Amino acid sequence: MKPLGPVLAVAGLAKSFGGVAAVREVSFAVARGEMLALIGPNGAGKSTCFNLLSGQIRPDRGAVFLDGEVVTGLSPRAIWRRGVGRTFQITATFASMTVRENVQMALISHHRRVWRFRRPARQYFAAEADVLLDPVGMRDQAGRATGELAYGDLKRLELAIALAHAPRLLLMDEPTAGMAPAERGGLMALARRLAAERAIAVLFTEHDMDVVFGVADRILVLDRGRLIAEGSGAEIRADARVRAVYLGSGATSGGH
Amino acid sequence: MNKTSLSRRALLAAGTAALAAPRLARADTSAPIRIGEINSYSAIPAFTLPYRNGWQLALEHVNAAGGVRGRTLEVISRDDAGKPQDAVRLAGELLESDKVDLLAGGFLSNVGLALSDFSAQKQVIYIAGEPLTDALVWQKGQKFCFRLRPSTYVQAAILVEEAAKLPAKRWVSVAPNYEYGQSAVKWFSELLKARRPDVEFVAAQWPALGHIDAGAVAEALASAKPDAIYNVTFGPDLTNFVRQGNTRGLFEGRSVVSLLTGEPEYLDPLGDETPPGWIVTGYPWASLDTPAHVAFRDAYQKKFNDYPRMGSVVGYSLIQAIAAGLSRAGGMTPDQLAGGFAGAAFETPFGQALFRPLDHQSTLGTFLGKTALRDGKGVMVDWRYVDGAAVMPPDAEVRKLRPGAG
Amino acid sequence: MAGTGQILIPLLTGLADAAGLFFVASGLTVIFGVTRVVNFAHGSLTMLGAYCGWSLISRLPPTPLGFALGALATMAILAVIGAGLEIGLLRRVYRAPELFQLLATFGVVLMAQDIVQWLWGVEDLALRRPPWLRAFVTLGGARFPRFDLVVIALFPLVFLLLWLLFTRTRWGRLVRAATEDREMVAALGVDQRLLFTSVFALGAALAGLGGVLMLPDASANLGMDLTTVTDAFVVVVVGGLGSLPGAALASLLIGLLQAFGIMLVPRATLALVFVVMAVVLVLRPNGLLGRPPGRDGGGGEARALVRPAPAVLRRFGLAVLVLAALAPLFLGPYALAVGTEMLIAMLFAASLHFMMGPGGMASFGHAAWFGIGAYASAFAVHLLAAPMPLGLLLAPLAAGATAALFGAFVVRLSGVYLAMLTLAFAQIVWAIAFQWVDLTGGDNGILGVWPARWAAGPRGFYWLALALAVAGTLGLRVILAAPFGHALRGARDSRRRAEAIGLPVTAIQLAAFALSGAQAGLAGGLYAYAKGSVFPTYISLGHSVDALLMVLLGGVATMSGPIVGALAYTGLYDVLLSATSLWRLVLGAAIIVLVLAAPEGIAGGALKLWQRVRPA
């Protein structure tokens with residue numbers, strides 16, 4: 001049994017760039033199966049926060065714990081190995097491969113089969129890849145070229161890739177950015193279902209407030225690098241400070 | 001040229017049995033004798049085009065006089081694009097597809113060495129025209145290779161004749177940084193020091209070939225405060241160096257000894273900036289009035305409406321030398337041919353020369369003189385012909401330098 | 001007095017050199033910044049500038065005004081030529097895969113060589129210098145050419161004019177915007193085509209200016225295209241691609257370094273420039289003032305799906321292979337020698353394709369590994385008296401090991417910077433082979449590297465080459481289809497994604513680089529034995545370009561591209577070289593026609609045609 005307690009815990013995280021503080025003393029935690037939204041106006045420090053968690057940049061101060069273990073300052077690869085999956089604001093997939101091959105690649109990496117030089121990659125973990133593609137509804141497109149997928153399909157493929165190593169934490173950066181509003185709910189509902197089924201903690205940033213209030217269990221609000229509010233959708237809606245710095249700014253329409 | 005390219009294309013495309021055709025040409029005594037000629041036509045056109053004119057003229061002369069032993073000479077010419085590896089491949093083609101009887105040509109030393117190596121491997125005669133490297137007849141000398149032009153050693157040795165008479169004690173050198181430049185400096189300084197133990201070489205500049213930073217080179221040489229300068233650069237590097245040196249006064253009050261600079265290929269571009277009084281080796285085409293040269297010059301000018309260059313002399317003499325070697329050989333086997341060429345005497349626009357049996361180097365010499373300005377053009381004056389044989393190292397020395405004797 | 005001269009004069013000499021570099025490099029960097037075209041023909045434009053300038057100025061009064069008029073007229077002519085080049089050729093290939101335009105510009109280089117020779121003849125043309133061009137000033141007891149002072153003065157002037165043009169005019173602002181974000185400019189409703197054409201015209205005019213200003217100190221000659229373009233590349237890369245101030249700074253750095261370096265290390269000036277470039281790129285991967293390129297398209301770029309070869313193609317390939325294996329039974333020795341060269345070219349091209357196509361790391365210096373392999377074999381024969389199998393083993397080992405060592409620096413870079421760092425390394429290796437005569441024999445090379453007796457005949461060696469080249473090429477294909485190859489391709493498609501799924505991207509790329517180098521080294525070793533000799537020409541820029549041409553001609557995106565490209569290019573080259581003295585003109589034209597007709601390369605075009613005929 002995994003230890004109880006939060007999957008991800010962040011304590012006093014801080015980072016500044018050239019004297020400008022991007023993230024100041026941020027602390028929070030995400031529990032197993034929980035959907036936690038991180039919101040804030042542009043430049044609030046969401047992306048920096050994400051990059052600190054996934055290892056792209058090192059924090060100046062503070063610590064990140066995964067299931068109680070310190071992972072601060074580890075490389076993105078090491079953090080991924082410890083069970084953190086990630087999707088990107090602009091989808092990042094392998095365009096010269098099929099949908100299945102994309103997932104196979106993640107599985108090959110997970111099972112440490114990268115340094116294999118003989119047997120075709122196609123023959124590695126094909127069945128497992130289909131199992132991952134199934135729940136995101138991409139199984140029937142497994143043989144298609146990734147380069148010709150619709151954007152919504154790419155997002156779902158990315159989700160399947162991010163789930164390939166059975167992560168305990170999933171980081172989703174603006175998961176619905178660039179999607180048609182009608183599609184957004186579906187993707188997030190899918191993410192929520194999968195997270196619940198597999199007891200994965202999900203931390204996501206999002207511009208679309210309908211999405212945020214629709215799926216998030218809890219919401220964190222960041223402003224100028226500082227955590228200014230935390231709570232359920234209703235609590236956040238009611239928070240005067242949030243209204244002042246964020247919701248009132250007219251940026252609630254979301255998207256780009 | 002076109003005929004062979006056709007057969008070649010067919011070969012590449014289909015690879016038909018035609019390739020296995022037996023060598024008929026050599027048995028046939030009325031067919032022309034074929035010379036496979038390779039040179040860097042596209043890479044070094046300034047030398048090779050006059051050179052081509054030269055051999056075409058000689059070919060006309062030889063064939064008009066009845067050819068060699070009743071057979072006409074035919075030249076099949078190829079461009080090696082300045083790459084020794086291509087020269088070797090083309091040599092193979094000439095030998096296999098065109099059934100040439102011997103190989104000739106080359107400008108670059110590496111092409112010459114590659115062709116010589118090939119000729120040793122395939123046991124076919126190779127007559128090198130221009131390649132200057134000493135290795136061609138000495139360190140890498142071999143039985144089937146003969147060379148026409150005076151080598152780097154000979155050119156340097158000829159210059160030393162005059163350089164040794166200069167009062168200068170502090171010398172500097174400038175040479176392109178590759179084998180030719182390095183050995184030209186090495187021989188010159190060795191031979192000069194042997195004659196004049198009091199001289200010293202106080203600085204050396206080694207610009208990359210074609211990349212001279214002439215202002216900086218001139219400055220660096222001047223800062224060594226030399227009495228005399230030894231120059232090995234040529235072509236665009238030389239033009240550049242002379243202009244910077246002129247403007248900066250590098251040559252004023254200093255003796256300059258310069259390799260090959262008297263050849264029209266390198267002297268002409270200097271134009272009215274030709275620094276007077278340089279001691280050079282070269283080719284005084286306008287003032288050389290021996291009967292042999294006048295006949296050559298007139299025929300050349302008539303045919304090509306241009307004056308001959310050094311390359312023209314090389315090309316002309318090359319065919320003459322080949323004709324002489326062929327007529328002297330007892331037959332067409334490689335050994336018979338090698339025997340024919342060793343010791344063969346031939347006429348050149350500079351007078352008679354012969355292939356020394358000792359090292360297969362011809363005794364063709366060069367002219368030693370001074371540069372001067374006439375009507376805004378550089379010319380050679382006070383020149384004299386120095387026979388190649390006169391400045392060769394002693395035979396015993398040559399035998400040591402040529403380990404693969406033959 | 002002499003003391004000040006000793007510093008001042010080299011300083012001024014260096015500044016004059018720097019100015020000359022800047023005029024040419026500024027045009028190149030402006031063109032690259034906006035159009036992303038690596039313009040190999042920039043040196044040819046400079047050469048054209050020198051020749052046009054010579055023709056004009058020789059006919060004008062020998063006064064400063066005459067010279068200035070001639071220079072301006074030359075710039076105008078070059079601007080027209082540049083615009084024509086852009087409209088007639090480059091505009092049609094902007095959408096082609098990265099670096100494909102390079103192929104087109106190389107076709108121009110080849111054609112320009114023959115055209116200039118045809119128009120102006122083969123002799124170096126030196127401009128007759130009137131007294132004002134020969135004048136000098138005396139500084140600290142030493143003389144310095146007055147014209148070089150003019151050139152030095154023009155340096156800041158041209159820089160300032162360009163700077164004003166780019167910052168103070170609407171055109172300039174649009175160009176700068178296009179440098180940063182092409183789509184944005186398109187969205188502004190600006191006619192991009194006009195913008196690109198005008199930028200090319202400006203760049204060509206600057207190249208022309210550079211050519212004209214060389215005339216008083218040097219001559220117009222047929223070799224200046226390649227010597228200037230490599231120098232200009234170095235300046236542009238050291239300064240940062242697309243950065244005008246960067247080009248100015250790099251010109252200063254390199255000009256001064258050369259002027260002073262000549263005193264300290266007169267033998268190593270050639271290598272010195274490339275060492276500087278390598279050091280700058282290692283310390284600052286985007287040059288002195290360059291900006292990091294958008295390294296990751298996130299997989300948004302259109303990339304063709306790589307599929308295993310269809311059964312028809314496999315059967316066809318097998319048939320060709322069987323035919324190739326039987327060839328010695330019905331081909332003569334010369335045809336077999338040509339075949340051997342083609343096989344080696346195939347392996348060489350496949351090795352470059354491995355890192356360039358799936359690896360996304362284009363190389364301008366791939367001949368370095370080929371050459372190291374060839375020299376390793378030659379040293380094995382001469383220094384170790386090693387038998388041929390050992391020599392052939394040492395070739396890939398030496399090349400692979402060097403590539404692994406050097407690759408550690410290379411894989412940190414991307415795009416053109418990466419390519420230029422490989423060029424720097426190749427030029428350093430070339431300079432060693434060419435100039436260190438005691439070790440390598442210099443340009444005379446190393447002779448007598450003939451194969452073992454059992455493979456000495458043309459048949460034997462052909463079969464050996466066939467076995468090794470086919471095994472090497474197919475081996476690379478197998479690796480590309482294996483997990484490692486997919487990981488490599490993944491890292492190219494989206495580095496971000498690759499890292500996010502835990503792929504050790506740097507290690508993978510380094511391994512690919514070393515593997516590619518090793519295969520090129522094997523090709524080099526084979527070549528050494530096939531020719532019986534090794535020469536610095538194996539490492540020359542021209543040979544690296546040959547490899548690029550083969551890969552690009554065949555098609556980067558298809559796995560069979562390098563094979564087709566190598567066979568087509570060597571075949572075409574061999575035939576043309578024997579058939580016509582204008583082979584450069586014809587080869588250049590052929591390359592340009594292919595570029596326009598098949599922007600995906602021969603294999604890519606054939607694939608497209610195939611799919612149209614028989615939809616999969």
Side-chain angles (χ1 to χ4, degrees), chain A residues 54-56 75-82 84-99 101-125 143-149 151 154 157-158 161-162 164-165 171 173 178, chain C residues 97 294-309 354 357-360 474-512 514-515 518 556-559 611 616:
Chain A
S54 61
Q56 252 92 17
S75 72
R77 207 147 57 85
I79 288 178
W80 175 83
R81 279 256 170 251
R82 279 157 204 255
V84 179
R86 164 146 211 203
T87 68
F88 294 96
Q89 182 176 354
I90 302 165
T91 55
T93 52
F94 304 137
S96 69
M97 300 183 200
T98 63
V99 168
E101 284 169 343
N102 263 275
V103 182
Q104 281 174 292
M105 195 70 249
L107 288 163
I108 285 168
S109 178
H110 176 50
H111 294 290
R112 298 179 191 272
R113 295 287 187 280
V114 171
W115 299 93
R116 295 288 184 282
F117 296 86
R118 252 204 317 239
R119 200 152 63 91
R122 218 159 3 99
Q123 298 174 8
Y124 283 81
F125 313 113
R144 281 187 69 190
T146 308
E148 59 189 38
L149 289 185
Y151 198 67
L154 274 179
L157 168 59
E158 243 200 347
I161 295 172
H165 67 317
L171 300 173
D173 197 2
Chain C
R295 182 156 187 163
D296 193 304
E301 297 148 73
R303 290 236 188 242
L305 180 65
V306 175
R307 294 179 195 275
F354 185 78
L474 289 183
L476 289 175
R477 286 185 68 131
V478 167
I479 292 172
L480 285 179
F484 175 81
H486 272 230
L488 179 65
R489 192 140 54 82
R492 173 204 69 182
D493 281 358
S494 172
R495 190 187 178 93
R496 226 160 20 118
R497 171 48 69 199
E499 277 168 349
I501 59 168
L503 294 175
V505 170
T506 307
I508 288 170
Q509 289 182 332
L510 183 58
L515 204 59
V556 185
T558 41
M559 293 294 145
Q611 283 164 346

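Predicted model only: the values in this text are computed from it and were never measured. All chains are named by letter (A, B, ...) in the order of the sequence lines, taking the proteins before the strands, and each is independently numbered beginning at 1.
Contacts of A:R122 classified as side chain to side chain donor-acceptor pair (under 3.5 Å), with partners at least two apart in sequence or in another chain: none.
No other option in C:P483, C:P504, C:A511 has as many heavy-atom pairs under 4.5 Å with chain A as C:P483. Per-residue counts of heavy-atom pairs under 4.5 Å with chain C were compared for A:H110, A:R144, A:E101, A:R81; the largest is that of A:E101. Here C:A507 is the residue among C:G485, C:A507, C:P358 with the most heavy-atom pairs under 4.5 Å with chain A. Heavy-atom pairs under 4.5 Å with chain C peak, among A:A164, A:A162, A:A145, A:A78, at A:A145. Of all the listed residues (A:R118, A:H165, A:E148), the one sharing the greatest number of non-hydrogen pairs under 4.5 Å with chain C is A:R118.
Across all their heavy atoms, C:S494 and A:A92 have their closest contact at OG-CB, 3.4 Å.
Both the backbone and the side chain of C:I508 come within contact range of chain A, judged by heavy atoms closer than 4.5 Å. Contacts between A:R113 and chain C at a heavy-atom distance below 4.5 Å involve the backbone alone (N, CA, C, O). In this structure, chain C has heavy atoms under 4.5 Å from both the backbone and the side chain of A:T98.
The backbone N or O of A:M105 sits nowhere less than 3.5 Å from a side-chain atom of C:H486 that would complete a donor-acceptor pair. The closest donor-acceptor contact from the side chain of A:R116 to the backbone of C:A482 lies at 3.5 Å or more, if one exists at all.
One side chain, A:N102 or A:T146, offers a donor N or O that lies under 3.5 Å from an acceptor on the other.
Cation-pi check for A:R119 over A:Y124 is met; the charged atom lies under 6.0 angstrom from the ring centroid and within 45 degrees of its normal.
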